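None of the values given here were measured: they were computed from a predicted structure.
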Amino acid sequence: MIKFIKGRIKGVGYAFKGAYLLITTEASVKAQFFIGVLITIAGIYFELSTTEWIVQILTIGLIMSLEGLNTAIEEIADFIHPEHHQKIGLIKDLAAGAVFIFAIAAVIIGCFIYLPKIF
């Protein structure tokens, strides 16, 4: 049981390291983090309901997680095949496309939450 707990604590340490690296080194994650902070401030200003906070936090978390997964896919692809390769390019485009699709959904979610409060 102690070994299990130590393993989980070690795993959390790796997760914090990965999150820190993403937020401090990846431009797309930095941008999403900055937008997340701005939207959080807006949520405080507009006094979001509990449900709106839940949706907003899930949306921010999901877009940043997808950015992290996209970054990991790009890093793996570049490691496996450093030179330009058509199939690697396709894989990277697909991963970026997944982030883009949810980014559009996130903007729509933001409109549903904030437009009624603004107008």
Side-chain angles (χ1 to χ4, degrees):
M1 182 65 155
I2 298 296
K3 186 176 180 180
F4 174 81
I5 293 170
K6 284 183 180 179
R8 302 299 63 97
I9 292 170
K10 196 173 187 180
V12 169
Y14 293 137
F16 271 110
K17 178 182 177 185
Y20 177 78
L21 286 170
L22 278 170
I23 292 170
T24 58
T25 64
E26 293 300 319
S28 58
V29 178
K30 285 180 184 180
Q32 295 297 345
F33 183 77
F34 178 72
I35 292 167
V37 169
L38 290 179
I39 295 300
T40 300
I41 292 167
I44 293 166
Y45 177 80
F46 286 109
E47 299 178 352
L48 297 184
S49 69
T50 301
T51 303
E52 290 168 331
W53 273 115
I54 290 168
V55 171
Q56 179 167 299
I57 290 166
L58 285 172
T59 301
I60 292 168
L62 185 54
I63 194 70
M64 289 185 66
S65 296
L66 285 172
E67 286 284 7
L69 289 172
N70 181 47
T71 299
I73 289 167
E74 289 181 356
E75 289 291 326
I76 290 169
D78 290 343
F79 178 76
I80 291 171
H81 207 291
E83 307 86 39
H84 177 74
H85 189 276
Q86 186 176 359
K87 199 65 164 176
I88 293 294
L90 172 65
I91 292 165
K92 291 166 80 171
D93 289 346
L94 292 171
V99 175
F100 181 69
I101 289 169
F102 190 74
I104 292 170
V107 169
I108 293 168
I109 290 167
C111 288
F112 274 111
I113 292 173
Y114 288 100
L115 287 181
K117 296 176 181 319
I118 295 169
F119 298 107

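- Sorted by first then second residue, the salt bridge (charged side-chain N to carboxylate O under 4.0 Å, His left out) pairs that include residues 27-45, not counting sequence neighbours, number zero.
- Hydrophobic clustering (side-chain heavy atoms under 4.5 Å, transitive across Ile, Leu, Val, Met, Phe, Trp, Tyr) groups Val37 together with Leu22.
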Donor-acceptor contacts, no H, no angles, side chain residues 109-119, under 3.5 Å, sequence neighbours left out:
residue	atom	partner	partner atom	Å
Tyr114	OH	Ile39	O	3.1
Tyr114	OH	Gly43	N	3.1
Tyr114	OH	Gln56	OE1	2.5
Lys117	NZ	Glu52	OE1	3.3
Lys117	NZ	Glu52	OE2	3.2

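- Residues Tyr45 and Leu48 fall within the same hydrophobic cluster, defined by Ile, Leu, Val, Met, Phe, Trp and Tyr side chains chained together at heavy-atom separations under 4.5 Å.
- Applying the salt bridge (charged side-chain N to carboxylate O under 4.0 Å, His left out) test to every pair with at least one member in residues 65-90, sequence neighbours left out, gives these pairs: Asp78-Lys92.
- Grouping Ile, Leu, Val, Met, Phe, Trp and Tyr residues whose side-chain heavy atoms lie under 4.5 Å apart, directly or via other members, places Phe16 in a hydrophobic cluster with Val12.
- Sorted by first and then second residue, the ring pair (Phe, Tyr, Trp, His ring centres under 6.0 Å) pairs involving residues 67-94 (not counting sequence neighbours) are His81-His85.
- Between Thr40 and Ile60, some side-chain heavy-atom pair lies under the 4.5 Å cut-off.
- Membership of the apolar cluster around Met1 extends to Phe4, Ile5, Ile9, as traced through chained side-chain contacts below 4.5 Å between ILVMFWY residues.
- Applying the side-chain hydrogen bond (donor to acceptor under 3.5 Å, both in side chains) definition to pairs two or more places apart or across chains, none involves residues 2-19.
- Follow the hydrophobic side-chain contacts under 4.5 Å out from Ile23 and you reach Leu62 in the same cluster.
- The other residues sharing a hydrophobic cluster with Leu58 are Ile54, where clustering joins ILVMFWY side chains under 4.5 Å apart.
- Within the 4.5 Å cutoff, the side chain of Leu66 has no heavy atoms near those of the Gln32 side chain.
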Can you list, pair by pair, the side-chain donor-acceptor contacts under 3.5 Å of residues 95-107, counting residues two or more places apart and other chains?
none

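- Among pairs with a residue in residues 20-29, none fulfils salt bridge (charged side-chain N to carboxylate O under 4.0 Å, His left out), at least two apart in sequence or across chains.
- Judged as a ring pair (Phe, Tyr, Trp, His ring centres under 6.0 Å), and not counting sequence neighbours, Phe34 has no contacts.
- Note on Leu94: it does not cluster hydrophobically with Ile73, by side-chain heavy-atom contacts below 4.5 Å among ILVMFWY residues.
- Residues that satisfy the side chain to side chain contact (heavy atoms under 4.5 Å, CB included) test with Ile57, not counting sequence neighbours, are Trp53.
- Note on Ile76 and Leu21: separate hydrophobic clusters, where clusters join Ile, Leu, Val, Met, Phe, Trp and Tyr whose side-chain heavy atoms are under 4.5 Å apart, directly or indirectly.
- The distance from the OG atom of Ser28 to the CD1 atom of Ile63 is 9.5 Å, given to the nearest 0.5 Å.
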